[in-house]
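In what follows, a single structure is set out as C-alpha cells and then discussed.
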Amino acid sequence: MNAGAAPPVVICIRGLLTRIDGRVLHDNIDLDVYRGEILGVVGGSGSGKSVLLRSIVGLQTPAAGRITVLGQELRDLDGDALVRMQVRWGVLFQEGALFGDQTVAENVQVPLREHTDLPQRLMDEVASVRLSMVGLPADAAGKYPAQLSGGMRKRAGLARALALDPELLFLDEPTAGLDPIAAAEFDVLVRELQQSLHLTVFMVTHDIDTLRATTDRIAVLADRTLRIGTMASLVHDPHPWIHEYFAGVRGRAAMTG
Amino acid sequence: MVTPAPDAAAWYRLERQGGTLRVVVGGAWVRSEARRLDPLLRALDPMGCTRADVDCGGLARLDTIGAWLLLRTKRVLEHRGVTVQPINVDPEYHALVHTIDHECRAPPVTLPPRHTVAMRLERIGRGLCQAVHQGYLLIGFLGLIVFETLATVLRPRRLRVAAVVHQMEETGLNALPIVGLLSFLVGVVFAYQGADQLRRFGADVFTVNLLAVGVLRELGGLMAAIIAAGRSGSAFAAEIGTMNVNEEIDAIQIGGLNLTEVLVLPRLLGIVLTLPLLTFYSNVMGLIGGAVTCYFDLGISVPVFLHQLRGALAGGTFWVGLIKAPVFAFVIGLVGCHQGFQAGRNASSVGRHTTQAVVESIFLVIVADAVFSVLFARLGI
C-alpha cells in the first residue's frame with residue numbers, strides 16, 4: 001500500500017517482459033493502477049494491449065517481471081487462493097464471451113451459482129437487478145446470446161462480469177463494433193457503474209471518444225513500452241504514433257467535441 | 001442491547017414505537033450473508049404499523065445483493081401499505097442504492113423449470129420430428145450436390161484440383177497408419193475365431209476361405225469406412241461449422257464464389273477417390289493379419305495360404321467388397337458437409353453437429369451395406 005495521499009495501488013506491474021512466438025511485445029513495463037480510477041490502455045493494432053490485460057488476469061504467463069493484483073502476486077497463487085482472487089475481479093471480453101447454450105439470465109447466474117449458495121429465487125432476482133443495472137430490457141433475460149445485438153451482448157457480458165461485485169473490472173475493447181450512439185451510452189454506463197460500485201477499471205480500447213469520456217489516466221503502448229499520462233499531457237508527447245493518435249484528425253475532433 | 005462490531009455479520013432488529021416500525025440494520029450486508037437474510041426478510045411482518053423507518057446507520061459494508069435485499073424489503077412493505085423511510089444512509093452507498101432503485105422496476109425473471117415429464121415427452125417428439133426433417137434436408141442437399149456436380153462436370157476447369165489433392169491427403173494418406181493397424185488386428189482376431197470353430201471339423205485350411213470372404217466382402221470396407229467417418233466425416237462437419245462461426249461462409253457467398261464448388265466438391269471428390277484405395281489397403285492388411293494367425297495358430301505356411309486364397313477369390317469376392325467403397329465415401333462426405341452447414345454460430349452447436357455427422361454417417365454406411373448384401377444375394381454374386 002502506498003504511503004501519503006496517493007490512493008492505494010490495486011494493480012502493480014514491474015519489469016514485465018512478454019514474448020509471444022519469439023516476438024517481444026512488452027519490454028520492461030512498469031504500471032500502477034490506483035483504486036477507484038479508470039485507466040485506459042491504448043496502442044496500435046497488434047501492440048499487445050489485450051495481451052497486457054490477459055497477463056494481469058493470468059491468462060498469459062509473462063517471460064519476466066512481477067504482476068501484483070490487489071496486493072498479491074498472481075504467480076504465487078494456486079487452487080483456492082486463486083479462486084478467491086478471481087471472484088474479486090470481473091472481465092468483459094471483446095465479444096462478450098457469453099455461453100451460447102445458456103440464456104442471458106443463466107449466463108449472469110453462472111458466477112453466482114459457482115461461488116455462492118444463494119437460493120434460486122434470489123439468484124433470479126439478483127440476475128434481473130444486474131441486467132437492469134447495465135441497461136438491458138427485462139425481456140432480454142430469457143433470450144440466448146445469438147438473439148442479441150452486439151451492444152446488448154456486451155451489456156450482458158458486463159452484467160456477468162459484475163455478478164459477484166468485483167473490486168476490479170477489466171474491459172477489453174468495450175465499445176469496438178458498437179455504433180457511436182451505443183458506444184457513447186456504454187461509456188456513460190461504465191462511468192456510472194464505476195461510481196456507484198466503487199470500481200477500479202482497467203480498460204483496453206482504441207476508441208478515442210471512450211478515452212475522453214471515461215478515463216482518469218491513459219497508458220499508451222508504443223514500441224513495446226508504456227507511456228502514462230492524461231489526455232492533456234499525452235498530446236504533447238513527441239512519439240510519432242502517440243502524436244498522430246492524439247493530435248490527428250480524430251483525436252482533435254474528440255478533444256474539442 | 002449490545003451493538004455488534006461494525007464488521008460483524010449482517011443483522012437487523014425490529015423495534016415498535018407506537019405506529020412506527022423501526023428496522024435497524026447493521027453489519028456487512030454482502031452476498032455471503034444473503035442466504036441467511038433472504039427468507040427472514042421475505043417473511044418480514046410490519047406488525048400492523050403503517051410507517052417504517054429503516055435505520056441504515058450501522059451498515060459496515062453493502063454490496064449489490066445486500067442493497068437489493070434492503071430495497072426489496074422496502075418494496076414488500078410498501079406493497080402492504082406501509083410508508084417506508086430510509087434514514088442514516090451513508091453517502092457512500094447513495095449511488096449504489098439510487099442505481100438499483102432507479103433501474104430495477106422490472107419484475108424479477110423466473111426461469112422456466114427445466115425437467116418435467118411433459119418436457120421429456122416433448123423432447124422425444126421433437127427429436128423424432130427433427131430426425132425426419134433431417135432426412136428431408138439431407139435429400140435436398142443430395143439433390144443440390146448432384147446438380148452442382150453435373151455443372152462442374154460440364155465445366156471441368158472450375159474443379160479445384162489442389163483442394164481435391166489436399167483432401168485426398170487428409171482423408172487417405174494420413175489415415176494409413178490407423179486403418180492399417182486396426183485392419184491388421186481385426187484380421188488376426190477374425191482368423192483366430194474362425195480357426196477355433198473350423199478346427200473341430202478338421203477343416204483348418206478353410207479358415208483362409210472364411211477370412212478371404214469375411215475381410216474382402218465386408219470387414220475391410222466397413223473398417224475403412226467407419227474410420228473415415230470418424231476421422232474425415234467429423235472433420236468436414238467441424239471445418240464447415242467453424243467457418244460458419246467465423247463468417248467465412250458468408251464471405252465465400254458474398255465473394256461470388258459457389259459454396260458447393262469451393263467447400264463440398266473437393267471434400268466429396270477427395271473421399272470418393274481415396275476410400276476405395278483405403279479399402280484395398282485395409283483388405284490387404286486384414287489378410288496379412290489373418291495370415292499371421294494362420295501361420296502361428298494353424299501352422300499354415302505362406303505358400304499354402306496364398307494357394308488357398310486364390311481359390312477363395314473366385315466369383316468376384318474382391319470386387320464385391322471394393323465396389324461398395326465409393327458409395328460409402330459419398331455417404332460420409334455428404335453427411336459430414338451437410339451437418340457442417342447445419343451448425344449454428346456457437347461452439348456447442350458445432351460440437352453437436354460434428355457428433356451427429358459421425359453417428360449419422362456410420363448409421364447410413366451400415367444401412368447401405370445391408371442394402372448391398374440383399375442386392376448381391378438377389379443377383380447371386
Side-chain angles (χ1 to χ4, degrees), chain A residues 36 87-88 95 97-109 111-113 115-147 159 162-167 189 191-199, chain B residues 28-42 61-73 75-76 90-114 241 244-247 343-352:
Chain A
V87 301
R88 296 174 71 186
E95 303 297 329
L98 296 172
F99 305 122
D101 54 349
Q102 302 185 16
T103 63
V104 169
E106 286 171 320
N107 261 288
V108 176
Q109 290 181 19
L112 294 171
R113 204 165 280 145
H115 298 292
T116 69
D117 55 354
L118 301 184
Q120 184 60 45
R121 195 168 154 200
L122 182 59
M123 265 200 286
D124 291 342
E125 291 172 3
V126 171
S128 85
V129 168
R130 286 292 177 211
L131 291 175
S132 38
M133 275 174 93
V134 299
L136 281 173
D139 66 337
K143 286 186 179 165
Y144 285 89
Q147 297 168 291
L162 292 174
L164 291 174
D165 279 294
E167 297 157 55
L189 176 69
R191 192 83 234 183
E192 280 176 0
L193 287 175
Q194 188 268 333
Q195 274 157 8
S196 58
L197 301 176
H198 307 289
L199 294 165
Chain B
W29 281 58
V30 292
R31 65 167 186 273
S32 52
E33 301 288 323
R35 187 181 179 80
R36 194 166 54 81
L37 293 170
D38 180 48
L40 298 172
L41 291 172
R42 236 181 250 287
R61 272 164 63 207
L62 183 70
D63 71 1
T64 313
I65 294 177
W68 165 247
L69 286 175
L70 286 175
L71 278 166
R72 191 189 68 190
T73 308
R75 285 182 196 175
V76 167
D90 190 320
E92 195 191 341
Y93 305 133
H94 275 169
L96 174 64
V97 172
H98 176 79
T99 306
I100 298 179
D101 196 25
H102 194 69
E103 304 288 347
C104 305
R105 286 289 162 211
V109 281
T110 40
L111 301 171
R114 300 198 102 176
N244 191 20
V245 173
N246 291 340
E247 299 183 326
R345 282 193 174 162
N346 60 71
S348 67
S349 175
V350 173
R352 203 165 51 243

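In this text the structure is predicted, and so the values were computed from the model without any measurement. Each chain gets a letter, A, B and so on, in the order the sequences are listed, and its residues count up from 1.
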Between CG on residue L118(A) and CG on residue D38(B), distance to nearest 0.5 Å:
8.0 Å
So what's closer than 4.5 Å to chain A heavy atoms on R42(B): side chain, backbone, both or neither?
side chain
Looking at D117(A), L162(A), L197(A), which makes the most heavy-atom pairs under 4.5 Å with chain B?
D117(A)
Applying a strict 4.5 Å limit to non-hydrogen atoms, the region of S348(B) in contact with chain A is side chain
What distance do R72(B) atom CZ and L122(A) atom CG have between them, rounded to the nearest 0.5 Å?
6.0 Å
Proximal component of D63(B), with respect to chain A [non-hydrogen, under 4.5 Å]
both
A347(B), part contacting chain A, at a heavy-atom distance under 4.5 Å:
neither
Side chain / backbone / both / neither for R345(B) at chain A, heavy atoms under 4.5 Å
neither
I'd like to verify something: which residue of L96(B), L62(B), V97(B), N346(B) has the highest number of heavy-atom pairs under 4.5 Å with chain A?
L96(B)
Only one of T116(A), L164(A), V129(A), V126(A) passes side chain to side chain contact (heavy atoms under 4.5 Å, CB included) with I65(B); say which it is.
V126(A)
